[in-house]
Q: 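Dumping the structure here so I can ask a few things about it.
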Amino acid sequence: MTRRPKDHFFSTRIKSTIKHIPFGKVATYGQIASLVGNHRASRQVAWVLHSSSHKDGLPWHRVINRRGEIALEPGEGFEEQKRMLENEGIQFDSTGRINLGLYMWDPGNLIL
DNA sequence: AACCTGACTTCGG
DNA sequence: TCCGAAGCCAGGT
């Protein structure tokens with residue numbers, strides 16, 4: 001997937017990709033960015049989630065940072081996200097991190 | 001057009 | 001492995 005100079009659908013593709021994350025799996029911001037064609041747009045993924053995760057009914061809780069941690073701050077959604085992930089069978093280690101090697105989504109040959 | 005904003009990532013120490 | 005600084009990018013103002 002190549003990024004066009006004027007890509008009005010960048011955010012739309014990010015949302016579409018996030019919707020593909022399966023139950024019981026997680027994806028990182030950077031991973032989503034790569035899938036939509038720009039591995040350096042991780043901050044944009046965060047922006048999309050921040051601005052429209054609820055409105056578009058995205059499985060926002062399945063997106064975490066590179067270190068396997070929930071990016072939200074306690075009191076800002078952290079607790080809810082952790083609970084939702086645990087409800088999907090995902091476990092956290094003693095330091096609050098998720099084993100990415102075990103739970104990270106493998107999109108295979110995903111076609112958007 | 002310039003500047004600000006993020007639920008980030010990478011790099012150097 | 002932890003921390004802070006720097007890098008990055010598109011959308012919003």
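Sequence lines set the chain letters: A, B, ... in the order given, protein chains first and strands last, and positions in each chain run from 1. Note that these values count all heavy atoms, side chains included, but never hydrogens, waters or copies made by symmetry.
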Q: By salt bridge (Lys or Arg N to Asp or Glu O under 4.0 Å), which residues pair with Glu88(A), not counting sequence neighbours?
A: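 With sequence neighbours excluded, Glu88(A) shows a salt bridge (Lys or Arg N to Asp or Glu O under 4.0 Å) to Arg62(A), given in chain and number order.
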
Q: Among residues 79-90 of chain A, which residues get a heavy atom nearer than 4.0 Å to DNA chain B?
A: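 Under 4.0 Å from DNA chain B: no residue of residues 79-90 of chain A.
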
Q: How would you list, by chain and number, every residue that makes a side-chain contact (heavy atoms from CB on, under 4.5 Å) with Glu86(A), sequence neighbours excluded?
A: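 If we apply the side-chain contact (heavy atoms from CB on, under 4.5 Å) test to Glu86(A), skipping adjacent residues, the hits are Lys82(A), Phe92(A).
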
Q: Measure from CG on Leu58(A) to P on dA7(B) and round the result to the nearest Å.
A: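 My rounded result for the distance is 15 Å.
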
Q: Check the interface with nucleotides 9-13 of chain B: list each N/O to N/O pair with the protein under 3.5 Å, or write none.
A:
from	atom 1	to	atom 2	distance (Å)
dT9(B)	OP1	Gly30(A)	N	3.3
dT9(B)	OP2	Arg66(A)	N	3.0

Q: If the condition is side-chain contact (heavy atoms from CB on, under 4.5 Å), which residues does Trp60(A) pass it with, not counting sequence neighbours?
A: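 So Trp60(A) forms a side-chain contact (heavy atoms from CB on, under 4.5 Å) with Leu49(A), Ser53(A), Leu72(A), Glu80(A), Gln81(A), Met84(A).
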
Q: Using every non-hydrogen atom in the two residues, find where Pro59(A) and Ile18(A) come nearest and quote the distance to one decimal.
A: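 Closest pair (atom of Pro59(A), atom of Ile18(A), distance): CG-O, 3.2 Å.
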
Q: Minimum heavy-atom separation for Gly24(A) and Tyr103(A), please, with both atom names.
A: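 That closest heavy-atom pairing would be O-CD2, 3.9 Å.
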
Q: Starting from the 5' end of DNA chain C, give me the residue, Arg97(A) or Arg40(A), whose nearest nucleotide shows up first.
A: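 The residue closer to the strand's 5' end, by nearest nucleotide, is Arg97(A).
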
Q: Rounded to the nearest angstrom, tell me the gap between atom CG in Leu49(A) and atom P in dC8(B).
A: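 Rounded to the whole Å, the gap is 10 Å.
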
Q: Just compare dG6(B), dC9(C), dC8(B) and give me whichever is closest to any side-chain atom of Asn38(A).
A: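 So the side chain of Asn38(A) is nearest to dC9(C).
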
Q: Can you run down the salt bridge (Lys or Arg N to Asp or Glu O under 4.0 Å) pairs that involve residues 93-112 of chain A, sequence neighbours left out, and say none if there aren't any?
A: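 Pairs touching residues 93-112 of chain A that pass the test: none.
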
Q: With sequence neighbours left out, write down each residue that passes salt bridge (Lys or Arg N to Asp or Glu O under 4.0 Å) with Glu69(A), or none if nothing qualifies.
A: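 Testing Glu69(A) for salt bridge (Lys or Arg N to Asp or Glu O under 4.0 Å), a comparison that skips the adjacent residues, returns Arg67(A).
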
Q: Rounded off to whole Å, could you give me the CD1-to-P distance for the Ile18(A) and dC8(B) pair?
A: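 Interatomic distance, CD1 of Ile18(A) to P of dC8(B): 13 Å.
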
Q: Nearest-Å distance, CD1 (Ile70(A)) to C1' (dC8(B))?
A: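 Roughly 16 Å, once rounded to whole Å.
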
Q: Can you measure Lys15(A) atom NZ to dA10(C) atom C1' for me and round it to whole angstrom units?
A: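 Rounding to the nearest Å, NZ of Lys15(A) and C1' of dA10(C) are 13 Å apart.
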
Q: Starting from C1' on dG11(C), measure out to CZ on Phe9(A) and report it in whole angstrom.
A: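 After rounding, the reported distance stands at 15 Å.
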
Q: In whole angstrom, give the distance that lies between atom CG of Leu35(A) and atom P of dC9(C).
A: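 Result: 17 Å.
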
Q: For Lys15(A), what residues pass the salt bridge (Lys or Arg N to Asp or Glu O under 4.0 Å) criterion, not counting sequence neighbours?
A: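 Applying salt bridge (Lys or Arg N to Asp or Glu O under 4.0 Å) to Lys15(A) gives Asp56(A).
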
Q: Can you tell which of dC8(C), dA7(B), dG11(C) lies closest to the side chain of Trp60(A)?
A: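 The listed nucleotide nearest to Trp60(A)'s side chain is dA7(B).
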
Q: Whole Å only: how far is the CZ atom of Arg43(A) from the P atom of dC8(C)?
A: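 To the nearest whole Å, that distance equals 12 Å.
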
Q: Return each pair, listed once, that meets side-chain hydrogen bond (donor to acceptor under 3.5 Å, both in side chains) where at least one residue sits in residues 20-31 of chain A; pairs must be two or more places apart or across chains.
A: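 Those involving residues 20-31 of chain A are Thr28(A)-Arg66(A).
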
